[in-house]
Amino acid sequence: MIKNAVRIKMKEEVLRSEKKIAAANRRRLRRAAVAGLNIIGSPGAGKTSLIEAVAGRIGKGVGLGVIEGDLASDLDLRRLNAIGVRALQINTGRGCHLSPAMVASALEEMPLEEIDLLLIENVGNLVCPANFDLGEDAKVAVCSVPEGDDKPAKYPLLFLEAAVAVLNKTDLIAACGFSRRRFYRELKSVNPELPVIEVSCRSGKGAVSWARWLRNRVKEKRI
Ligand SMILES: Nc1nc2c(ncn2[C@@H]2O[C@H](COP(=O)(O)OP(=O)(O)OP(=O)(O)O)[C@@H](O)[C@H]2O)c(=O)[nH]1
Ligand SMILES: [Mg+2]
């Protein structure tokens, strides 16, 4: 019993300290007028592809920076560097999500004065990242057609926490037998206010709307 009580107390302390670090990250981004977005979705949903899609469309006036979160490897970092995007890689080892402290140390390295939009690609996972505030302005829920049309019903937390949902790989709707009607019905029952942007990174369809949504976040931050 005592051991359990100690463990609970330690967990509470860790959570309190993470909240403080997240708040410090948020203050830091506010001071630098950087819009920070936490991009969350399953492995392979297309998070990096959505960043690639935006890189060429966001416009010259918007400085883009990326924090890449993966258990291992710098594969996503290399993809972004190859198209000239300023990015930093965090490897979490066994960690299933980025922590506020990891983001804080990446912010130390980022030239925030040159950045207007910071995209944080969280570790591929539809569950844990939704539970953690990193100090971002908003969470982006990424889901993709091959994952199925039932994701909002089965993983509601992310869709409750997010400011926008991006439905990627719409080029595969027919091939996957994905029901838009079911997807939207279930999404509405979880979070009726959540806007959805449909994108196909493969064809480019919807990428302009996705870039526009991000540009508006940057504008809001500058006000
Ligand atoms: N058909 C199709 N394939 C896509 C689309 N977007 C991404 N892909 C493919 O999906 C795979 C995964 O894309 P990524 O962008 O690496 O996905 P991710 O979410 O960043 O993956 P992790 O970082 O591993 O979690 C790649 O092979 C992409 O080429 C799309 O719109 N349509
Ligand atoms: Mg990725």
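As the structure is a prediction and not an experimental result, all values here were calculated from the model. Both counts, for ligands and for their atoms, begin at 1 and track the order of listing. For reference, positions follow the sequence shown, starting with 1. The basis for the numbers below is simple: all heavy atoms, side chains too, and nothing from hydrogens, waters or symmetry mates.
- Remark: the Ser42 side chain and the Glu147 side chain contain an N/O donor-acceptor pair separated by less than 3.5 Å.
- With Leu80 as reference, Val66 is the one residue of Val66, Leu64, Asp74, Leu88 to meet the side-chain contact (heavy atoms from CB on, under 4.5 Å) rule.
- We find that Arg217 and Asp137 are not joined by a salt bridge, their nearest charged nitrogen and carboxylate oxygen being 4.0 Å or further apart.
- The protein atom (non-hydrogen) at minimum distance from atom 13 (O) of ligand 1 is Ser49 OG, 3.6 Å.
- Close N/O approach between Val199 and ligand 1 is not found [any backbone or side-chain N/O within under 3.5 Å].
- The CG atom of Asn91 sits 8.0 Å away from atom CG of Leu71, with the distance rounded to the nearest 0.5 Å.
- The protein heavy atom nearest to atom 8 (N) of ligand 1 is Lys169 CE, 3.7 Å.
- Here atom 31 (O) of ligand 1 lies nearest to Cys201 when heavy atoms of Cys201, Gly44, Gly204 are compared.
- Residue contacts with ligand 1: Gly41 is excluded, as none of its non-hydrogen atoms falls under 4.0 Å.
- Within the 4.0 Å heavy-atom shell around ligand 1 one finds Arg79.
- Ranking protein heavy atoms by distance to atom 29 (O) of ligand 1, first place goes to Arg202 NH2, 3.3 Å.
- In summary, Asp70 places no N/O/S atom under 2.8 Å from the Mg ion (ligand 2), failing the contact criterion.
- Looking at Gln89 and Asp70, their side chains do bring a donor and an acceptor atom within 3.5 Å of each other.
- Proximity to Gly124 (heavy-atom distance under 4.0 Å) selects the following atoms of ligand 1: 25 (O).
- Residues Ser200 and Asp171 bring a donor and an acceptor atom of their side chains to less than 3.5 Å of each other.
- Relative to the ring axis of Trp210, Arg212 does not place its NZ or CZ within 45° and under 6.0 Å from the centre.
- The part of Glu121 lying near ligand 1 is the side chain, judged by heavy-atom distances below 4.0 Å.
- No continuous path of hydrophobic side-chain contacts links Ile120 to Val127 [ILVMFWY only; heavy atoms under 4.5 Å].
- For atom 6 (N) of ligand 1, the closest non-hydrogen atom of the protein is Asn168 ND2, 3.1 Å.
- Taking the charged nitrogens against the carboxylate oxygens, Arg78 and Glu68 have no contact shorter than 4.0 Å, which rules out a salt bridge.
- Between the OE2 atom of Glu121 and the OD2 atom of Asp76, the angle centred on the Mg ion (ligand 2) amounts to 100° when rounded to 10°.
- Nearest protein neighbour of atom 2 (C) of ligand 1, counting heavy atoms only, is Asp171 OD2, 3.6 Å.
- Phe132 and His97 have parallel rings, their planes meeting at less than 30° on a 0 to 90° scale where 60° marks the start of perpendicular.
- Heavy-atom proximity to Pro43, at under 4.0 Å, picks out these atoms of ligand 1: 25 (O).
- At a threshold of 2.8 Å, the Mg ion (ligand 2) has a backbone or side-chain N, O or S atom of Thr48 nearer than that distance.
- Salt bridge absent: Glu198 and Lys205 never bring a charged side-chain N and a carboxylate O closer than 4.0 Å.
- None of the N, O or S atoms belonging to Glu68 lies under 2.8 Å away from the Mg ion (ligand 2).
- Closest protein heavy atom to atom 18 (P) of ligand 1: Lys47 N, 3.4 Å.
- Under 4.0 Å from ligand 1, not a single heavy atom of Val123 appears.
- Between Arg181 and Asp149 there is no salt bridge, since no side-chain nitrogen of the basic residue lies less than 4.0 Å from a carboxylate oxygen of the acidic one.
- The Ser200 neighbourhood of ligand 1 comprises atoms 31 (O), with distances under 4.0 Å to a heavy atom of that residue.
- Side-chain N/O atoms of Glu121 and Thr48 include a donor and acceptor closer than 3.5 Å.
- Among protein heavy atoms, atom 17 (O) of ligand 1 sits closest to Gly46 N, 3.1 Å.
- Distance remark: protein heavy atom not present below 4.0 angstrom from atom 26 (C) of ligand 1.
- Checked against a 3.5 angstrom limit, the closest N/O atoms of Asp76 and ligand 1 fall inside it.
- A salt bridge is absent between Asp76 and Lys47: the closest approach of a Lys/Arg side-chain nitrogen to an acidic carboxylate oxygen does not fall below 4.0 angstrom.
- Using 4.0 Å as the threshold, Glu68 has no heavy atom nearer than that to any atom of ligand 1.
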